Amino acid sequence: MMFWRSVVGKLWITILLLVSFVLFILTVMLMEFFENYHINETRKGMTNTAEKIARVLEDHPGQEEQLGLEIAWEMVDDDSRVTVIKDKDTYFYSPGGEAATHVPISFFMNDRDLSAVFSKDKTVDIITPLPGISNEVDDTQYLMIGVPLNQFEQGNGAVFIYQSLEVMEETTRLTTKFILLAAGVAIVLTTIFAFFLSTRITAPLRKMREAAFEVARGKFDTKVPILTHDEIGELATAFNQMGRQLKFNMNALSQEKEQLTSILSSMADGVITFNRDGTILITNPPAEVFLRYWYYEQGLASGNTDAVPSEVMELFQLAVNTEKEQVGEITAQGRTWVIIVSPLYNKRFIRGAVAVVRDMTEERKLDKMREDFIANVSHELRTPISMMQGYSEAIVDDIAQTDEEKKEMAKVIYDESLRMGRLVNELLDLARMEAGHILLNVESVEINPYVNRIIRKFHGLAKEKGIELSVQVNSEEKDFRFDPDRIEQVLTNLIDNAIRHVPDSASVVVSGRTDEKGLYFEVSDQGPGIPEEDLPFLFERFYKGDKSRTRGVSGTGLGLAIAKNIIDAHRGNISVKSKLGQGTTFSFFIPRNIE
């Protein structure tokens with residue numbers, strides 16, 4: 001009696017009763033499951049066979065109908081029978097069956113459920129007894145499935161396949177016997193091993209399981225108590241050592257990952273790491289900028305593609321095949337990148353490659369700026385100086401006879417002096433901005449009224465050219481902080497350029513939005529676009545992409561340079577995207593907390 005009162009005895013009895021109860025429930029459920037399973041599997045198989053027969057007959061119409069029937073009969077197993085109905089007078093029975101299994105055609109036509117195959121052109125299945133030749137109903141239940149047959153011109157036919165449930169019931173009985181036998185054996189074995197499992201294994205393994213969940217949640221300091229000195233005790237010791245080693249390795253990996261991320265993020269050059277098959281593994285911000293430009297150049301959706309520039313893939317393949325560093329150059333949207341691809345090794349084997357992407361656009365631009373600056377300044381000053389000199393000589397030499405002619409010449413001299421003054425002032429403003437001496441008067445501005453006020457200034461010019469000027473501001477915020485005068489100068493320049501360089505009856509769209517990062521503006525037009533070779537230089541002083549434009553249209557060539565410096569002073573960025581014949585989009589971004 002002491003054994004039954006002990007914890008081990010109670011646990012043993014509990015496990016035995018629990019397992020017996022579970023096996024009983026499981027047996028009942030499995031019996032029910034397999035009974036339904038056999039019927040469902042038979043239904044699926046018969047439906048599949050009927051559909052295959054229908055497809056075969058549909059693929060062999062007319063003179064090939066007999067060939068289709070022969071193929072169809074080969075698909076039918078010995079336990080099933082098939083009836084193919086073309087119409088009430090034309091039908092076919094599968095060979096090999098007794099006469100009693102040849103169901104009258106009227107049974108298919110008149111049955112409410114089965115007739116839906118003809119009237120509603122859908123697959124049906126029912127369990128029903130079949131009438132004999134004398135129309136007497138047999139008590140044996142059959143599973144009958146009908147599938148529409150869309151072969152004939154007169155209308156839809158049908159394929160009916162049916163099988164006696166006695167075959168499935170026999171399979172179910174055999175399965176039930178096997179389940180009951182297995183359940184009985186399981187209960188016997190449970191009585192033998194329950195005691196040992198409850199006393200020797202269950203308790204320490206439960207503690208290890210709990211400790212494993214704690215480790216999985218990141219608590220690597222969790223320890224399993226060592227209660228025995230057998231294999232389970234050794235397992236507990238190994239588990240504790242594993243936890244300590246995992247903690248050390250995770251800390252080391254975390255530090256290495258943070259260090260690598262910081263290094264990559266702070267690099268001025270782009271870095272792209274490739275797997276052995278050419279899949280991109282890691283990119284840093286400069287590399288992502290390069291890929292975005294290339295996606296736009298190729299007309300791909302940035303962020304939704306794993307495409308890699310073909311030039312980079314060629315360098316990657318060469319680097320992997322030759323195991324040597326490869327150098328190439330790519331130009332996209334007017335920017336130039338130099339690509340250096342080097343193989344990566346895993347001990348002695350190449351596991352991929354790393355590509356260093358260096359943006360050489362600024363270097364090229366600086367070289368061109370040095371070459372063009374003196375020529376541009378000379379060109380801008382030469383015309384007004386020549387005109388002032390010519391008209392002043394005409395006045396001194398008394399070529400102008402009347403006071404009106406003298407006033408007209410003086411007016412030209414005055415206008416050209418104003419042009420020179422504007423040029424000098426813009427140069428001085430630009431020099432101060434580039435030297436970092438620009439002062440911003442930052443204040444809170446209501447976005448919608450602010451943008452609409454700027455747009456109204458151009459309604460007259462837009463109406464004169466028949467241009468549709470629209471604004472789209474999608475912002476949940478009412479106010480945003482920036483220098484309104486300076487940003488108005490930027491928007492005015494961009495909108496004026498768009499209106500003046502698009503054809504009549506085109507459209508110009510000014511859009512703005514805000515998010516958690518800051519404020520975005522875009523000015524898009526349907527103009528002729530800007531050549532790719534001009535894109536890198538649009539924001540340089542005196543640069544004019546269209547050399548044929550008159551001075552009245554092109555201005556001094558300093559507007560975009562001043563706009564860029566204003567946006568830089570707001571700690572934002574300005575960019576341009578354009579393709580010939582597809583229009584141009586200028587966009588700039590102003591971050592939050594610029595003060």
Side-chain angles (χ1 to χ4, degrees), residues 214-222 241-297 300-330 332-333 335-363 515-518 571-573 575 589 591-593:
E214 293 294 325
V215 172
R217 286 192 289 265
K219 298 180 179 179
F220 299 109
D221 294 330
T222 304
Q241 292 177 353
M242 179 191 69
R244 290 192 296 269
Q245 190 64 34
L246 276 175
K247 181 179 181 181
F248 175 79
N249 291 338
M250 291 298 294
N251 290 337
L253 287 174
S254 179
Q255 292 176 1
E256 184 176 352
K257 181 180 179 181
E258 291 176 359
Q259 183 179 4
L260 178 61
T261 302
S262 300
I263 293 174
L264 289 176
S265 299
S266 61
M267 289 181 63
D269 294 335
V271 176
I272 306 175
T273 303
F274 296 94
N275 201 349
R276 187 69 171 80
D277 58 0
T279 304
I280 296 179
L281 298 178
I282 300 175
T283 59
N284 66 342
E288 293 172 358
V289 171
F290 159 69
L291 291 175
R292 282 200 299 271
Y293 272 97
W294 185 79
Y295 291 153
Y296 183 82
E297 182 80 11
L300 302 175
S302 61
N304 295 323
T305 178
D306 294 328
V308 179
S310 57
E311 297 88 345
V312 177
M313 288 305 300
E314 291 176 1
L315 296 175
F316 167 77
Q317 294 295 340
L318 287 174
V320 171
N321 295 334
T322 63
E323 300 186 10
K324 294 181 180 179
E325 182 182 277
Q326 303 294 327
V327 180
E329 187 172 304
I330 294 179
Q333 286 292 289
R335 304 190 69 85
T336 302
W337 287 271
V338 173
I339 315 295
I340 304 173
V341 182
S342 302
L344 292 177
Y345 292 90
N346 183 10
K347 295 182 179 179
R348 292 181 302 171
F349 302 99
I350 294 180
R351 63 179 179 87
V354 59
V356 178
V357 183
R358 178 166 298 175
D359 190 348
M360 300 296 292
T361 307
E362 293 299 326
E363 286 78 358
D515 60 15
E516 67 277 2
K517 295 181 180 180
R571 300 180 183 177
N573 57 74
S575 61
F589 163 69
R592 300 181 186 274
N593 302 323

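Computed from a prediction, not measured in an experiment: that's the story for all the values here. Position 1 is the first residue of the sequence; numbering continues from there.
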- Message: Taking side chain to side chain contact (heavy atoms under 4.5 Å, CB included) as the definition, give me every residue that meets it alongside Asn573, ordered by chain and number, with sequence neighbours left out.
- Response: Phe589
- Query: What's the spacing between Lys324 NZ and Ser342 OG if we round to 0.5 Å?
  - Reply: 13.0 Å
- Message: Within the 4.5 Å heavy-atom criterion, are Phe274 and Ile280 side-chain neighbours or not?
- Response: yes
- Message: Taking the side chain as everything from C-beta on, heavy atoms only, tell me whether Ile340 gets closer than 4.5 Å to Glu325.
- Response: yes
- Task: Name all residues meeting the salt bridge (Lys or Arg N to Asp or Glu O under 4.0 Å) criterion together with Glu214; count only those two or more places apart in sequence or in a different chain, and write none if there are none.
- Result: Arg217, Lys219
- Who are the side chain to side chain contact (heavy atoms under 4.5 Å, CB included) partners of Pro285, not counting sequence neighbours? none
- Please report the C-alpha distance between Ile330 and Ile339 in whole Å, then the side-chain angles of each, then the deciding distance to 0.1 Å, and finally whether the side-chain contact (heavy atoms from CB on, under 4.5 Å) criterion is met. CA-CA 7 Å; Ile330 294 179; Ile339 315 295; 4.1 Å; yes
- Qualifying salt bridge (Lys or Arg N to Asp or Glu O under 4.0 Å) pairs, either residue in residues 248-266, two or more places apart: none
- Item | For the student: nearest non-hydrogen atoms of Pro286 and Met267, plus distance | CG-O, 3.5 Å
- Which pairs pass side-chain hydrogen bond (donor to acceptor under 3.5 Å, both in side chains) with one or both residues in residues 272-290, sequence neighbours excluded? Asp277-Thr279, Thr283-Glu288
Only distances under 3.5 Å count here; give the side-chain donor-acceptor pairs of residues 243-252 to other protein atoms, sequence neighbours excluded, each with its distance to 0.1 Å.
{"from": "Gln245", "atom 1": "NE2", "to": "Asn249", "atom 2": "OD1", "distance (Å)": "3.3"}
{"from": "Lys247", "atom 1": "NZ", "to": "Asp221", "atom 2": "OD1", "distance (Å)": "2.8"}
{"from": "Lys247", "atom 1": "NZ", "to": "Asp221", "atom 2": "OD2", "distance (Å)": "3.3"}
{"from": "Asn249", "atom 1": "ND2", "to": "Gln245", "atom 2": "O", "distance (Å)": "3.3"}
{"from": "Asn251", "atom 1": "ND2", "to": "Lys247", "atom 2": "O", "distance (Å)": "3.2"}

- Task: Step by step, work out the side-chain contact (heavy atoms from CB on, under 4.5 Å) result for Val354 and Ile272.
- Result: CA-CA 6 Å; Val354 59; Ile272 306 175; over 6 Å; no
- Message: Test your reading of the model: is there a side-chain donor-acceptor pair from Arg335 to the backbone of Phe290, 3.5 Å cut-off?
- Response: no
- Query: Has the side chain of Thr361 got a donor or acceptor atom that lies under 3.5 Å from a matching backbone atom of Thr336?
  - Reply: yes
When the side chains of residues 308-320 are checked against the rest of the protein, which donor-acceptor pairs come out under 3.5 Å, sequence neighbours left out?
none

- For Asp269, side chain to side chain donor-acceptor pair (under 3.5 Å) partners two or more places apart: Arg358
- Note on the structure: Hits for side chain to side chain donor-acceptor pair (under 3.5 Å) against Ser575, two or more places apart or cross-chain, chain-then-number order -> Ser587
- Point-to-point distance, once rounded to the nearest 0.5 Å, from OH of Tyr293 to CH2 of Trp337: 6.5 Å
- Item | Test salt bridge (Lys or Arg N to Asp or Glu O under 4.0 Å) applied to Arg351 - qualifying residues, sequence neighbours left out | none
